[in-house]
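All remarks here apply to the structure that follows.
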Number of protein chains: 2
Amino acid sequence: MARAKRTTKEKLLDAAEKLFARQGYHGTSLRQITREAGVDLALVNYHFGGKEKLFEAVLDRRGAMLNEERLRRLEEVCGAAAPRPAATEAVVGAFFDPILDFLEHAGPGWHSYFSLLAWVNNSPQWGKRLMGKTFNATVKRFIEALMASLPKAAPEDIYWGYNFLTGALTLSLAETGRLDVLSGGLCRSADVAALRARLGPFVAAGLRGLAQRGG
Amino acid sequence: MARAKRTTKEKLLDAAEKLFARQGYHGTSLRQITREAGVDLALVNYHFGGKEKLFEAVLDRRGAMLNEERLRRLEEVCGAAAPRPAATEAVVGAFFDPILDFLEHAGPGWHSYFSLLAWVNNSPQWGKRLMGKTFNATVKRFIEALMASLPKAAPEDIYWGYNFLTGALTLSLAETGRLDVLSGGLCRSADVAALRARLGPFVAAGLRGLAQRGG
DNA sequence: CTTAGACTTCAACGGTCGTTCAATAGACCG
DNA sequence: CGGTCTATTGAACGACCGTTGAAGTCTAAG
(Lines give C-alpha, C1' and ligand atoms only; values in the text may rest on other atoms or scores of the structure.)
Protein backbone atom coordinates (compact mmCIF):
# COMPACT_ATOMS: atom_id res chain seq x y z
CA MET A 1 0.00 0.00 0.00
CA ALA A 2 1.42 3.36 -0.99
CA ARG A 3 1.04 5.56 2.07
CA ALA A 4 1.08 9.27 1.43
CA LYS A 5 4.07 10.71 3.23
CA ARG A 6 3.40 13.28 5.93
CA THR A 7 4.21 16.80 4.88
CA THR A 8 6.23 19.17 7.03
CA LYS A 9 3.09 21.07 7.97
CA GLU A 10 1.46 17.86 9.17
CA LYS A 11 4.51 16.82 11.13
CA LEU A 12 4.51 20.19 12.87
CA LEU A 13 0.78 20.07 13.58
CA ASP A 14 1.06 16.55 15.01
CA ALA A 15 3.99 17.38 17.23
CA ALA A 16 2.47 20.66 18.40
CA GLU A 17 -0.86 18.96 19.11
CA LYS A 18 0.80 16.37 21.29
CA LEU A 19 3.03 18.75 23.22
CA PHE A 20 0.56 21.61 23.65
CA ALA A 21 -1.94 19.08 25.02
CA ARG A 22 0.50 17.82 27.64
CA GLN A 23 2.29 21.02 28.61
CA GLY A 24 0.08 23.88 27.59
CA TYR A 25 0.95 26.80 25.35
CA HIS A 26 3.59 28.58 27.40
CA GLY A 27 5.03 25.32 28.68
CA THR A 28 5.96 24.19 25.18
CA SER A 29 8.76 25.73 23.13
CA LEU A 30 9.08 25.80 19.38
CA ARG A 31 12.43 24.06 19.70
CA GLN A 32 10.74 21.19 21.49
CA ILE A 33 8.05 20.97 18.83
CA THR A 34 10.46 21.05 15.90
CA ARG A 35 12.71 18.46 17.55
CA GLU A 36 9.70 16.17 18.06
CA ALA A 37 8.63 16.74 14.47
CA GLY A 38 12.15 16.25 13.13
CA VAL A 39 12.20 19.50 11.17
CA ASP A 40 14.10 22.75 11.36
CA LEU A 41 13.15 25.41 13.89
CA ALA A 42 12.63 28.14 11.31
CA LEU A 43 9.96 26.17 9.47
CA VAL A 44 7.32 27.05 12.04
CA ASN A 45 7.54 30.68 11.07
CA TYR A 46 7.77 29.82 7.38
CA HIS A 47 4.65 27.63 7.30
CA PHE A 48 2.52 29.16 10.02
CA GLY A 49 3.88 32.62 10.75
CA GLY A 50 4.59 32.21 14.45
CA LYS A 51 3.88 30.20 17.57
CA GLU A 52 0.40 31.53 18.21
CA LYS A 53 -0.66 30.92 14.61
CA LEU A 54 0.58 27.35 14.90
CA PHE A 55 -1.48 26.92 18.05
CA GLU A 56 -4.63 28.14 16.34
CA ALA A 57 -3.92 25.96 13.32
CA VAL A 58 -3.77 22.92 15.60
CA LEU A 59 -7.18 23.77 17.03
CA ASP A 60 -8.69 24.51 13.62
CA ARG A 61 -7.53 21.33 11.94
CA ARG A 62 -9.93 18.96 13.67
CA GLY A 63 -12.46 21.50 14.92
CA ALA A 64 -14.36 21.71 11.65
CA MET A 65 -14.58 17.92 11.40
CA LEU A 66 -15.95 17.68 14.93
CA ASN A 67 -18.59 20.33 14.21
CA GLU A 68 -19.68 18.53 11.05
CA GLU A 69 -20.10 15.21 12.76
CA ARG A 70 -21.96 16.73 15.69
CA LEU A 71 -24.40 18.58 13.47
CA ARG A 72 -24.93 15.49 11.31
CA ARG A 73 -25.98 13.50 14.37
CA LEU A 74 -28.09 16.32 15.73
CA GLU A 75 -29.92 16.38 12.41
CA GLU A 76 -30.57 12.66 12.76
CA VAL A 77 -32.29 13.05 16.11
CA CYS A 78 -34.15 16.33 15.67
CA GLY A 79 -33.98 17.32 12.03
CA ALA A 80 -36.86 17.51 9.58
CA ALA A 81 -36.94 13.75 9.03
CA ALA A 82 -36.77 12.86 12.71
CA PRO A 83 -39.54 11.78 15.04
CA ARG A 84 -41.06 14.55 17.09
CA PRO A 85 -39.02 16.49 19.62
CA ALA A 86 -35.83 14.67 20.45
CA ALA A 87 -35.25 13.16 23.85
CA THR A 88 -32.66 14.83 26.01
CA GLU A 89 -30.59 11.64 25.91
CA ALA A 90 -30.51 11.78 22.12
CA VAL A 91 -29.31 15.39 22.07
CA VAL A 92 -26.52 14.87 24.57
CA GLY A 93 -25.62 11.69 22.68
CA ALA A 94 -25.23 13.67 19.47
CA PHE A 95 -22.94 16.01 21.38
CA PHE A 96 -20.78 13.37 23.07
CA ASP A 97 -20.73 10.45 20.67
CA PRO A 98 -18.60 12.02 17.94
CA ILE A 99 -15.87 12.63 20.50
CA LEU A 100 -16.15 9.15 21.96
CA ASP A 101 -16.16 7.55 18.52
CA PHE A 102 -13.09 9.48 17.41
CA LEU A 103 -11.37 8.49 20.65
CA GLU A 104 -12.16 4.82 20.15
CA HIS A 105 -11.62 4.37 16.45
CA ALA A 106 -9.33 7.12 15.22
CA GLY A 107 -5.64 7.63 15.79
CA PRO A 108 -3.76 9.09 18.74
CA GLY A 109 -3.94 12.54 17.18
CA TRP A 110 -7.58 12.87 18.20
CA HIS A 111 -6.62 11.82 21.68
CA SER A 112 -4.19 14.71 21.98
CA TYR A 113 -6.59 17.08 20.29
CA PHE A 114 -9.34 16.45 22.80
CA SER A 115 -6.95 16.77 25.68
CA LEU A 116 -5.82 20.09 24.26
CA LEU A 117 -9.42 21.15 23.77
CA ALA A 118 -10.05 20.44 27.44
CA TRP A 119 -7.05 22.56 28.32
CA VAL A 120 -8.22 25.45 26.16
CA ASN A 121 -11.81 25.24 27.36
CA ASN A 122 -10.69 25.70 30.97
CA SER A 123 -8.20 28.42 30.28
CA PRO A 124 -9.26 31.94 31.26
CA GLN A 125 -6.95 33.44 28.66
CA TRP A 126 -7.70 31.23 25.64
CA GLY A 127 -11.14 29.81 26.36
CA LYS A 128 -13.43 32.66 25.48
CA ARG A 129 -11.87 33.63 22.17
CA LEU A 130 -10.71 30.33 20.68
CA MET A 131 -13.57 28.10 21.80
CA GLY A 132 -16.09 30.68 20.68
CA LYS A 133 -14.57 31.15 17.25
CA THR A 134 -14.73 27.45 16.44
CA PHE A 135 -17.72 26.14 18.35
CA ASN A 136 -20.23 28.87 19.18
CA ALA A 137 -22.47 28.33 16.17
CA THR A 138 -22.69 24.58 16.74
CA VAL A 139 -23.16 24.91 20.48
CA LYS A 140 -26.07 27.29 20.02
CA ARG A 141 -27.82 24.67 17.89
CA PHE A 142 -27.37 22.11 20.63
CA ILE A 143 -28.62 24.46 23.31
CA GLU A 144 -31.75 25.09 21.26
CA ALA A 145 -32.27 21.36 20.91
CA LEU A 146 -31.83 20.91 24.65
CA MET A 147 -34.42 23.59 25.31
CA ALA A 148 -36.83 21.87 22.94
CA SER A 149 -36.30 18.55 24.68
CA LEU A 150 -37.01 20.08 28.09
CA PRO A 151 -39.78 22.59 27.35
CA LYS A 152 -40.54 23.23 31.00
CA ALA A 153 -36.99 24.29 31.85
CA ALA A 154 -36.04 27.95 32.09
CA PRO A 155 -33.43 29.07 29.53
CA GLU A 156 -31.08 29.98 32.37
CA ASP A 157 -31.22 26.40 33.60
CA ILE A 158 -30.28 25.08 30.18
CA TYR A 159 -27.33 27.45 29.84
CA TRP A 160 -26.04 26.49 33.26
CA GLY A 161 -26.74 22.85 32.49
CA TYR A 162 -24.71 23.10 29.31
CA ASN A 163 -21.92 24.60 31.37
CA PHE A 164 -21.97 21.61 33.75
CA LEU A 165 -22.24 19.19 30.85
CA THR A 166 -19.20 20.68 29.18
CA GLY A 167 -17.30 20.66 32.45
CA ALA A 168 -17.95 16.97 33.04
CA LEU A 169 -16.83 16.20 29.50
CA THR A 170 -13.82 18.47 29.72
CA LEU A 171 -12.36 16.92 32.84
CA SER A 172 -12.92 13.46 31.38
CA LEU A 173 -10.90 14.41 28.32
CA ALA A 174 -8.09 16.15 30.17
CA GLU A 175 -6.12 12.99 30.89
CA THR A 176 -5.08 13.97 34.37
CA GLY A 177 -5.04 10.35 35.55
CA ARG A 178 -6.69 11.43 38.77
CA LEU A 179 -9.63 9.05 38.42
CA ASP A 180 -7.22 6.14 38.25
CA VAL A 181 -5.50 7.21 41.46
CA LEU A 182 -8.66 7.92 43.43
CA SER A 183 -10.29 4.64 42.51
CA GLY A 184 -7.13 2.68 43.22
CA GLY A 185 -7.07 1.44 39.65
CA LEU A 186 -10.69 0.31 39.60
CA CYS A 187 -11.52 2.93 36.96
CA ARG A 188 -9.27 4.04 34.13
CA SER A 189 -9.57 7.51 32.58
CA ALA A 190 -8.65 6.06 29.20
CA ASP A 191 -11.52 3.55 29.25
CA VAL A 192 -13.74 5.14 26.61
CA ALA A 193 -16.42 2.46 26.87
CA ALA A 194 -16.79 3.08 30.58
CA LEU A 195 -17.01 6.82 29.98
CA ARG A 196 -19.57 6.34 27.21
CA ALA A 197 -21.77 4.20 29.42
CA ARG A 198 -21.91 6.83 32.16
CA LEU A 199 -21.47 10.36 30.83
CA GLY A 200 -24.72 10.43 28.87
CA PRO A 201 -26.91 9.05 31.68
CA PHE A 202 -25.32 11.35 34.24
CA VAL A 203 -25.78 14.47 32.17
CA ALA A 204 -29.28 13.66 30.94
CA ALA A 205 -30.44 12.94 34.46
CA GLY A 206 -28.76 16.11 35.68
CA LEU A 207 -30.48 18.24 33.06
CA ARG A 208 -33.84 16.70 33.88
CA GLY A 209 -33.20 17.37 37.55
CA LEU A 210 -32.42 20.99 36.75
CA ALA A 211 -35.57 21.34 34.69
CA GLN A 212 -37.70 20.13 37.60
CA ARG A 213 -35.87 22.23 40.13
CA GLY A 214 -38.30 23.49 42.75
CA GLY A 215 -41.22 22.24 40.67
CA MET B 1 -8.84 50.39 63.30
CA ALA B 2 -5.27 49.17 63.26
CA ARG B 3 -5.03 46.84 60.28
CA ALA B 4 -2.17 44.40 60.38
CA LYS B 5 0.11 45.23 57.46
CA ARG B 6 0.62 42.57 54.84
CA THR B 7 3.99 40.90 55.05
CA THR B 8 6.20 40.39 52.04
CA LYS B 9 5.34 36.70 51.98
CA GLU B 10 1.64 37.52 51.89
CA LYS B 11 2.10 40.11 49.17
CA LEU B 12 3.94 37.54 47.07
CA LEU B 13 1.36 34.83 47.70
CA ASP B 14 -1.48 37.19 46.78
CA ALA B 15 0.16 38.38 43.58
CA ALA B 16 1.19 34.88 42.55
CA GLU B 17 -2.27 33.52 43.26
CA LYS B 18 -3.86 36.14 41.05
CA LEU B 19 -1.43 35.82 38.14
CA PHE B 20 -1.02 32.04 38.17
CA ALA B 21 -4.82 31.76 38.11
CA ARG B 22 -5.11 33.93 35.03
CA GLN B 23 -2.04 32.89 33.06
CA GLY B 24 -0.97 29.51 34.37
CA TYR B 25 2.40 28.52 35.73
CA HIS B 26 4.60 28.88 32.68
CA GLY B 27 2.69 31.91 31.46
CA THR B 28 3.61 33.90 34.56
CA SER B 29 7.12 35.19 35.29
CA LEU B 30 8.60 35.97 38.67
CA ARG B 31 9.29 39.49 37.47
CA GLN B 32 5.59 39.95 36.78
CA ILE B 33 4.68 38.60 40.21
CA THR B 34 7.16 40.75 42.10
CA ARG B 35 6.12 43.84 40.16
CA GLU B 36 2.47 43.17 41.04
CA ALA B 37 3.43 42.58 44.67
CA GLY B 38 5.65 45.65 44.76
CA VAL B 39 8.67 43.80 46.11
CA ASP B 40 12.12 42.92 44.82
CA LEU B 41 12.60 40.03 42.42
CA ALA B 42 15.11 38.22 44.62
CA LEU B 43 12.69 37.94 47.52
CA VAL B 44 10.88 35.04 45.90
CA ASN B 45 13.94 32.88 46.24
CA TYR B 46 14.70 34.21 49.71
CA HIS B 47 11.25 33.48 51.15
CA PHE B 48 10.15 30.47 49.13
CA GLY B 49 13.22 28.99 47.50
CA GLY B 50 12.14 29.18 43.88
CA LYS B 51 9.22 29.56 41.50
CA GLU B 52 7.83 26.06 41.89
CA LYS B 53 7.96 26.27 45.69
CA LEU B 54 6.04 29.54 45.51
CA PHE B 55 3.43 27.85 43.32
CA GLU B 56 2.94 25.03 45.80
CA ALA B 57 2.83 27.50 48.69
CA VAL B 58 -0.02 29.31 46.96
CA LEU B 59 -1.97 26.08 46.66
CA ASP B 60 -1.22 25.02 50.23
CA ARG B 61 -2.24 28.28 51.86
CA ARG B 62 -5.97 27.89 51.40
CA GLY B 63 -6.12 24.17 50.74
CA ALA B 64 -6.03 23.16 54.38
CA MET B 65 -8.81 25.60 55.24
CA LEU B 66 -11.00 24.24 52.46
CA ASN B 67 -10.47 20.67 53.63
CA GLU B 68 -11.36 21.58 57.20
CA GLU B 69 -14.57 23.29 56.23
CA ARG B 70 -15.61 20.47 53.91
CA LEU B 71 -15.02 17.79 56.53
CA ARG B 72 -16.84 19.85 59.16
CA ARG B 73 -19.92 19.99 56.97
CA LEU B 74 -19.67 16.36 56.01
CA GLU B 75 -19.61 15.49 59.70
CA GLU B 76 -22.80 17.52 60.15
CA VAL B 77 -24.70 15.51 57.57
CA CYS B 78 -23.36 12.03 58.11
CA GLY B 79 -21.30 12.01 61.28
CA ALA B 80 -22.09 10.22 64.52
CA ALA B 81 -24.65 12.82 65.62
CA ALA B 82 -26.42 12.98 62.26
CA PRO B 83 -29.69 11.40 61.22
CA ARG B 84 -29.38 8.09 59.42
CA PRO B 85 -27.54 7.81 56.08
CA ALA B 86 -27.15 11.22 54.49
CA ALA B 87 -29.05 12.14 51.36
CA THR B 88 -26.99 12.53 48.22
CA GLU B 89 -27.95 16.20 48.09
CA ALA B 90 -26.54 16.73 51.58
CA VAL B 91 -23.21 15.14 50.67
CA VAL B 92 -22.72 17.13 47.49
CA GLY B 93 -23.81 20.21 49.43
CA ALA B 94 -21.08 19.63 51.98
CA PHE B 95 -18.64 19.39 49.07
CA PHE B 96 -19.78 22.48 47.16
CA ASP B 97 -21.04 24.87 49.83
CA PRO B 98 -17.68 25.73 51.40
CA ILE B 99 -16.46 26.89 48.01
CA LEU B 100 -19.61 28.83 47.25
CA ASP B 101 -19.59 30.45 50.69
CA PHE B 102 -15.97 31.49 50.39
CA LEU B 103 -16.73 32.90 46.95
CA GLU B 104 -19.67 34.91 48.22
CA HIS B 105 -18.42 36.16 51.55
CA ALA B 106 -14.64 36.12 51.51
CA GLY B 107 -12.20 38.35 49.66
CA PRO B 108 -11.01 38.24 46.05
CA GLY B 109 -8.12 36.00 47.05
CA TRP B 110 -10.43 33.01 47.29
CA HIS B 111 -11.77 33.89 43.89
CA SER B 112 -8.32 33.61 42.36
CA TYR B 113 -7.50 30.54 44.40
CA PHE B 114 -10.48 28.61 43.08
CA SER B 115 -9.77 29.66 39.54
CA LEU B 116 -6.22 28.43 40.00
CA LEU B 117 -7.49 25.21 41.52
CA ALA B 118 -9.62 24.68 38.42
CA TRP B 119 -6.55 25.24 36.27
CA VAL B 120 -4.48 22.76 38.26
CA ASN B 121 -7.22 20.17 38.37
CA ASN B 122 -7.43 20.12 34.58
CA SER B 123 -3.73 20.15 33.98
CA PRO B 124 -2.18 16.84 32.90
CA GLN B 125 1.17 17.85 34.31
CA TRP B 126 0.16 19.29 37.71
CA GLY B 127 -3.20 17.71 38.40
CA LYS B 128 -2.27 14.25 39.57
CA ARG B 129 0.50 15.21 41.97
CA LEU B 130 -0.65 18.51 43.46
CA MET B 131 -4.38 17.82 43.71
CA GLY B 132 -3.70 14.42 45.23
CA LYS B 133 -1.27 15.72 47.83
CA THR B 134 -3.76 18.23 49.19
CA PHE B 135 -7.16 16.70 48.61
CA ASN B 136 -7.03 12.93 48.28
CA ALA B 137 -7.76 12.13 51.93
CA THR B 138 -10.77 14.44 52.02
CA VAL B 139 -12.08 13.32 48.67
CA LYS B 140 -12.02 9.68 49.71
CA ARG B 141 -14.23 10.52 52.68
CA PHE B 142 -16.72 12.18 50.35
CA ILE B 143 -16.71 9.27 47.94
CA GLU B 144 -17.48 6.90 50.80
CA ALA B 145 -20.34 9.14 51.86
CA LEU B 146 -21.66 9.19 48.30
CA MET B 147 -21.55 5.41 48.15
CA ALA B 148 -23.45 5.20 51.43
CA SER B 149 -26.07 7.61 50.13
CA LEU B 150 -26.58 5.52 46.99
CA PRO B 151 -26.23 1.93 48.24
CA LYS B 152 -27.47 0.41 44.99
CA ALA B 153 -24.82 2.10 42.85
CA ALA B 154 -21.69 0.26 41.76
CA PRO B 155 -18.43 1.75 43.08
CA GLU B 156 -17.30 2.40 39.51
CA ASP B 157 -20.37 4.53 38.94
CA ILE B 158 -19.58 6.61 42.02
CA TYR B 159 -15.97 7.16 40.97
CA TRP B 160 -17.03 8.23 37.50
CA GLY B 161 -19.80 10.33 39.02
CA TYR B 162 -17.31 12.09 41.24
CA ASN B 163 -15.23 12.76 38.15
CA PHE B 164 -18.21 14.40 36.40
CA LEU B 165 -19.11 16.29 39.56
CA THR B 166 -15.63 17.71 39.85
CA GLY B 167 -15.59 18.59 36.18
CA ALA B 168 -18.83 20.55 36.42
CA LEU B 169 -17.51 22.41 39.44
CA THR B 170 -14.12 22.99 37.87
CA LEU B 171 -15.39 24.64 34.72
CA SER B 172 -17.73 26.80 36.78
CA LEU B 173 -14.77 28.08 38.80
CA ALA B 174 -12.44 28.61 35.88
CA GLU B 175 -13.74 32.08 35.01
CA THR B 176 -13.59 31.61 31.28
CA GLY B 177 -16.54 33.94 30.72
CA ARG B 178 -17.87 31.52 28.13
CA LEU B 179 -21.25 31.10 29.80
CA ASP B 180 -21.80 34.84 29.58
CA VAL B 181 -21.07 34.86 25.86
CA LEU B 182 -23.15 31.81 24.98
CA SER B 183 -26.19 33.01 26.87
CA GLY B 184 -25.90 36.51 25.45
CA GLY B 185 -25.55 37.93 28.93
CA LEU B 186 -28.57 36.11 30.35
CA CYS B 187 -26.30 34.13 32.70
CA ARG B 188 -23.18 35.43 34.40
CA SER B 189 -20.36 33.08 35.43
CA ALA B 190 -19.68 35.23 38.47
CA ASP B 191 -23.25 34.86 39.77
CA VAL B 192 -22.57 32.60 42.73
CA ALA B 193 -26.21 32.48 43.81
CA ALA B 194 -27.25 31.22 40.38
CA LEU B 195 -24.51 28.60 40.47
CA ARG B 196 -25.47 27.51 43.97
CA ALA B 197 -29.09 27.05 42.98
CA ARG B 198 -28.22 24.76 40.08
CA LEU B 199 -24.98 22.88 40.63
CA GLY B 200 -26.26 20.78 43.55
CA PRO B 201 -29.52 19.73 41.90
CA PHE B 202 -27.77 18.93 38.62
CA VAL B 203 -25.11 16.77 40.23
CA ALA B 204 -27.42 15.01 42.68
CA ALA B 205 -29.84 14.13 39.90
CA GLY B 206 -26.94 12.99 37.73
CA LEU B 207 -25.58 10.70 40.43
CA ARG B 208 -29.02 9.22 41.03
CA GLY B 209 -29.39 8.66 37.31
CA LEU B 210 -26.05 6.89 37.24
CA ALA B 211 -27.04 4.69 40.18
CA GLN B 212 -30.18 3.57 38.38
CA ARG B 213 -28.42 3.08 35.08
CA GLY B 214 -29.93 0.10 33.28
CA GLY B 215 -31.87 -0.84 36.43
C1' DC C 1 26.80 52.37 70.66
C1' DT C 2 27.75 47.64 69.10
C1' DT C 3 26.58 43.49 67.43
C1' DA C 4 23.79 39.74 65.49
C1' DG C 5 20.40 38.30 62.61
C1' DA C 6 16.65 38.84 59.50
C1' DC C 7 15.33 41.10 55.59
C1' DT C 8 15.94 43.77 51.31
C1' DT C 9 18.37 45.67 47.29
C1' DC C 10 21.03 45.63 43.13
C1' DA C 11 23.53 43.84 39.43
C1' DA C 12 24.71 40.19 37.06
C1' DC C 13 25.00 35.19 35.53
C1' DG C 14 24.12 31.51 32.00
C1' DG C 15 20.37 29.79 29.47
C1' DT C 16 16.36 29.59 26.65
C1' DC C 17 12.87 31.95 24.32
C1' DG C 18 10.43 33.46 19.56
C1' DT C 19 11.79 35.45 15.51
C1' DT C 20 14.56 36.82 11.44
C1' DC C 21 17.42 36.53 7.27
C1' DA C 22 20.66 35.42 3.91
C1' DA C 23 22.22 31.31 1.81
C1' DT C 24 21.23 26.74 0.05
C1' DA C 25 18.69 22.78 -1.92
C1' DG C 26 15.17 20.75 -4.66
C1' DA C 27 11.43 20.43 -8.02
C1' DC C 28 9.25 21.82 -12.14
C1' DC C 29 9.10 23.78 -16.75
C1' DG C 30 10.85 26.19 -20.83
C1' DC D 1 20.85 23.36 -19.69
C1' DG D 2 19.08 27.75 -17.29
C1' DG D 3 15.55 29.96 -14.64
C1' DT D 4 11.91 30.26 -11.20
C1' DC D 5 9.47 29.30 -7.30
C1' DT D 6 8.93 26.78 -3.08
C1' DA D 7 11.02 24.63 0.76
C1' DT D 8 14.77 24.08 3.96
C1' DT D 9 18.92 25.12 6.49
C1' DG D 10 22.07 27.21 9.86
C1' DA D 11 23.41 31.04 12.38
C1' DA D 12 22.37 34.86 14.73
C1' DC D 13 19.49 38.59 17.05
C1' DG D 14 17.62 40.93 21.17
C1' DA D 15 14.61 39.94 24.88
C1' DC D 16 13.33 37.71 28.85
C1' DC D 17 13.77 33.80 31.91
C1' DG D 18 14.92 31.77 36.98
C1' DT D 19 18.51 32.02 40.01
C1' DT D 20 22.51 33.70 42.62
C1' DG D 21 25.64 36.28 45.72
C1' DA D 22 27.59 40.25 47.65
C1' DA D 23 26.40 44.50 49.68
C1' DG D 24 23.25 47.23 52.14
C1' DT D 25 19.37 48.29 55.51
C1' DC D 26 16.63 47.62 59.38
C1' DT D 27 15.40 45.95 64.04
C1' DA D 28 16.13 44.30 68.59
C1' DA D 29 19.10 42.71 72.25
C1' DG D 30 23.36 43.28 74.97
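Letters A, B, ... are given to chains in the order of the sequence lines, protein chains preceding strands, and every chain is numbered from 1. FYI, side chains are in, hydrogens and waters are out, and symmetry mates aren't considered; it's all heavy atoms of this structure.
Each of B:Asn45 and A:Tyr46 was matched to the nucleotide of DNA chain D holding its nearest heavy atom; the match closer to the 5' end belongs to A:Tyr46.
Look at A:Glu69 and A:Arg72 and you find a salt bridge, because one of the NZ, NE, NH1 or NH2 atoms lies within 4.0 Å of a carboxylate O, short of that distance. Taking the charged nitrogens against the carboxylate oxygens, B:Glu75 and B:Arg70 have no contact shorter than 4.0 Å, which rules out a salt bridge. Ion pair B:Arg73/B:Asp101 flagged as a salt bridge, since at least one NZ, NE, NH1 or NH2 atom sits closer than 4.0 Å to an Asp/Glu carboxylate oxygen.
Of the residues listed (B:Asn136, B:Leu117, B:Leu59), the one engaging B:Met131 in a side-chain contact (heavy atoms from CB on, under 4.5 Å) is B:Leu117, and it is the only one.
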Heteroatom pairs (N/O) under 3.5 angstrom, protein to nucleotides 26-28 of chain D:
none

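No donor-acceptor pair closer than 3.5 Å links the side chain of A:Lys9 to the backbone N or O of A:Phe48. In this structure a side-chain-to-backbone donor-acceptor pair under 3.5 Å is present from B:Thr28 to B:Leu19. Side chain of A:Ser172 to backbone of A:Ala168: a donor-acceptor contact under 3.5 angstrom is found.
One atom, CZ of A:Phe48, and another, P of D:dA7, lie 12 Å apart when rounded to the nearest Å.
In this structure A:Asn67 satisfies the side chain to side chain donor-acceptor pair (under 3.5 Å) test together with A:Thr138, sequence neighbours excluded. Residues passing the salt bridge (Lys or Arg N to Asp or Glu O under 4.0 Å) test with A:Arg62 are A:Glu17, sequence neighbours excluded. A search for ring pair (Phe, Tyr, Trp, His ring centres under 6.0 Å) contacts involving B:Tyr162 returns B:Phe95, not counting sequence neighbours. Remark: B:Glu10 engages no residue in a salt bridge (Lys or Arg N to Asp or Glu O under 4.0 Å) (not counting sequence neighbours). Applying the ring pair (Phe, Tyr, Trp, His ring centres under 6.0 Å) criterion to B:Tyr25, with sequence neighbours excluded, gives B:Phe20, B:Phe55, B:Trp126.
Shown for residues 33-43 of chain A: residues whose heavy atoms fall under 4.0 angstrom of DNA chain C, namely A:Leu41, A:Ala42. Residues of residues 9-32 of chain B that place a heavy atom closer than 4.0 Å to DNA chain D, in numerical order, are B:Thr28, B:Ser29, B:Leu30, B:Arg31.
The stretch residues 104-117 of chain A participates, sequence neighbours left out, in these side chain to side chain donor-acceptor pair (under 3.5 Å) pairs: A:Glu104-A:Arg196, A:His111-A:Glu175.
With a 3.5 Å limit on both pairing distances and Watson-Crick or G-U wobble geometry required, the stems of 3 or more pairs in DNA chain D span C:1-27 with D:4-30.
Counted by atom type alone, B:Thr176 and A:Asn122 present zero donor-acceptor pairs between their side chains at under 3.5 Å.
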I'd like a table of donor-acceptor pairs (distance under 3.5 Å, sequence neighbours excluded) in which one partner is a side-chain atom from residues 183-193 of chain B, with atom names and distances.
| unit_1 | atom_1 | unit_2 | atom_2 | d |
| --- | --- | --- | --- | --- |
| B:Ser183 | OG | B:Leu179 | O | 3.0 |
| B:Ser183 | OG | B:Leu186 | N | 3.3 |
| B:Ser183 | OG | B:Cys187 | N | 2.9 |
| B:Ser183 | OG | B:Cys187 | O | 3.4 |
| B:Arg188 | NH2 | B:Asp191 | OD2 | 3.4 |
| B:Ser189 | OG | B:Asp180 | OD1 | 2.2 |
| B:Asp191 | OD1 | B:Ala193 | N | 3.3 |
| B:Asp191 | OD1 | B:Ala194 | N | 3.0 |

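Where DNA chain C meets chain B (any atom under 4.0 Å from a heavy atom), the bounding nucleotides read 5' to 3' are C:dA6 to C:dA12.
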